[in-house]
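Here's the structure we're looking at; comments come further down.
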Number of protein chains: 2
Amino acid sequence: MDHEQAVAVLRDKGYRLTPQRLIVLSIVADGAGHMGVDEIFQSAKTAYPYMDVATVYRTLHLFRNLGVVTEVAIGDRLHYELTDPLGGHHHMVCRVCDGAFNLSPHYLEEFRNTLSQEFGFEPDLEHFAISGVCAGCRDSN
Amino acid sequence: MDHEQAVAVLRDKGYRLTPQRLIVLSIVADGAGHMGVDEIFQSAKTAYPYMDVATVYRTLHLFRNLGVVTEVAIGDRLHYELTDPLGGHHHMVCRVCDGAFNLSPHYLEEFRNTLSQEFGFEPDLEHFAISGVCAGCRDSN
DNA sequence: TGTGTTACTGCAACTATTTGCGATTACAAA
DNA sequence: TTTGTAATCGCAAATAGTTGCAGTAACACA
Ligand SMILES: [Mn+2]
Ligand SMILES: [Mn+2]
Ligand SMILES: [Zn+2]
Ligand SMILES: [Zn+2]
């Protein structure tokens, strides 16, 4: 997903291309990796001073529901990034240094299959963040 | 962990046995399974009208840090139960019917080992809840 | 049993997020 | 280009949870 494709999704589904939406989209698209809501909001207010946090939240939720952005809970805060065109990935987030490391979904397929086969339970395993301690922080201790 | 053991933990570590703490403990101990914070608070206010939500939160966090209760995020709300004396367990929580099913930690050991060996990442995998759709809800669809 | 220390509490203010509502505006159709 | 209308917005109020602070009370010790 890139900026252009995202705009096309909005247009195709009949959503209005408001300046607020385009600004939030640009910020998330230009940001490197996950961005926290306040980070996005502060940046948006610079470009458009009347911007309200409620609009940022509503816009991010819309984008998420449309698949344009992907939401990930890091700690207790939600973060957003443009949906990865290569497909899903997960994160290992270090609770000591707050570093985030990507994790291929492949590492969870086995787990998913087990739950599905043993219990008939279909887990939501899309772009989630697992907390823990990274190798660096473990060693320097 | 039972009521008596929990009181012993508090006493041994030098924490005061306030009526507020004993009330919250009794409520969680008597409740069947996970209880939401507001559920605990409402019940506590009946027993002790001056009870404040802040005290309930502080008490639950203390109990969690002492290992007396176990915290589990169900949806976006935190729930608490007395720590399982048989050792940890996880939950599969159905996002359709809100049902919660216990899951033995055994199912996650392989995943833990993989992350540890491949990335040196030590995940926090204690008493967590994985969201998804249960067998019942999947079939009646 | 009485007293002092300080852990703990209630309260109120604060943060993060959500929601209702009346005003605005994107955009389809004229 | 103008206009009608529903979608969207800003604002303010509401909800869940956290935190600073000044007063209260648990409990160690006399
Ligand atoms: Mn990601
Ligand atoms: Mn449990
Ligand atoms: Zn780290
Ligand atoms: Zn279900």
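By convention in this document, chain letters (A, B, ...) are assigned in the order of the sequence lines, proteins followed by strands, and residues within each chain are numbered from 1.
Here chain B contacts DNA chain C (any atom closer than 4.0 Å to a heavy atom, that is under 4.0 Å), and the contacts span dT6(C) to dC11(C) from 5' to 3'.
Contact annotation: Gln20(A) reaches the phosphate of dG10(D) (side-chain N/O to OP1 or OP2, under 4.0 Å).
For the residue pair His90(A)/Asn102(A), the side-chain donor-acceptor check at 3.5 Å is not satisfied.
Under the salt bridge (charged side-chain N to carboxylate O under 4.0 Å, His left out) criterion, Asp124(A) pairs with Arg95(B), sequence neighbours left out. Not a single salt bridge (charged side-chain N to carboxylate O under 4.0 Å, His left out) links Glu39(A) to another residue, sequence neighbours left out. Shown here are the salt bridge (charged side-chain N to carboxylate O under 4.0 Å, His left out) partners of Glu109(A), two or more places apart in sequence or in another chain: Arg112(A). Checked against side chain to side chain donor-acceptor pair (under 3.5 Å), Ser116(A) has the following partners two or more places apart in sequence or in another chain: Glu122(A).
Under a 3.5 Å cut-off, the side chain of Gln5(B) and the backbone N or O of Asp2(B) do form a donor-acceptor pair.
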Exercise for review: Please lay out, stage by stage, how Leu66(A) and Leu10(A) fare under the test side-chain contact (heavy atoms from CB on, under 4.5 Å).
Suggested key: CA-CA 8 Å; Leu66(A) 294 175; Leu10(A) 286 178; 3.5 Å; yes
Under-3.5 Å N/O pairs linking protein and nucleotides 27-30 of chain D:
unit_1	atom_1	unit_2	atom_2	d
dC27(D)	OP1	Leu17(B)	N	2.6

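Within the structure, salt bridge (Lys or Arg N to Asp or Glu O under 4.0 Å) contacts touching residues 62-72 of chain B (residues at least two apart or in different chains) are Arg64(B)-Glu71(B).
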Practice item. For nucleotides 14-24 of chain D, just jot down a letter per nucleotide in 5' to 3' order: B, S or -, based on protein non-hydrogen atoms under 4.0 Å. Key: --SSBBB----
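Ring pair Phe119(B)/Tyr107(A): centre-to-centre distance below 6.0 Å.
Against DNA chain D, the stretch residues 5-13 of chain B makes no heavy-atom approach under 4.0 Å. Non-hydrogen atoms lying under 4.0 Å from DNA chain D are contributed by Tyr48(A), Tyr50(A), Met51(A), all within residues 40-51 of chain A.
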Can you give the donor-acceptor pairs under 3.5 Å from side chains of residues 40-59 of chain B to other protein atoms, not counting sequence neighbours?
unit_1	atom_1	unit_2	atom_2	d
Gln42(B)	NE2	Asp38(B)	OD1	3.4
Thr46(B)	OG1	Gln42(B)	O	3.2
Asp52(B)	OD2	Ala54(B)	N	2.9
Thr59(B)	OG1	Thr55(B)	O	2.7

What donor-acceptor contacts under 3.5 angstrom involve side-chain atoms of residues 21-31 of chain B, with partners at least two apart or in another chain?
unit_1	atom_1	unit_2	atom_2	d
Arg21(B)	NH1	Arg16(B)	O	2.9
Ser26(B)	OG	His3(B)	NE2	3.1
Ser26(B)	OG	Leu22(B)	O	3.0

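Ring planes of His34(B) and His91(B): perpendicular class, angle over 60° (limits at 30 and 60°).
We find that CG of Leu62(A) is positioned 7 Å from P of dT8(D), with the value rounded to whole Å. Atom pair Leu22(B):CG and dA25(D):P shows a separation of 16 Å (rounding to whole Å applied). In this structure, CG of Leu66(A) is placed 14 Å from C1' of dA7(D), rounded to the nearest angstrom.
Considering only heavy atoms from C-beta on, Met35(A) stays 4.5 Å or farther from Glu81(A) through its side chain. No side-chain heavy atom of His89(A) sits less than 4.5 Å from a side-chain heavy atom of Ser104(A).
When all heavy atoms of Leu60(A) and Val69(A) are compared, the closest pair comes out as O-CG2, 3.8 Å.
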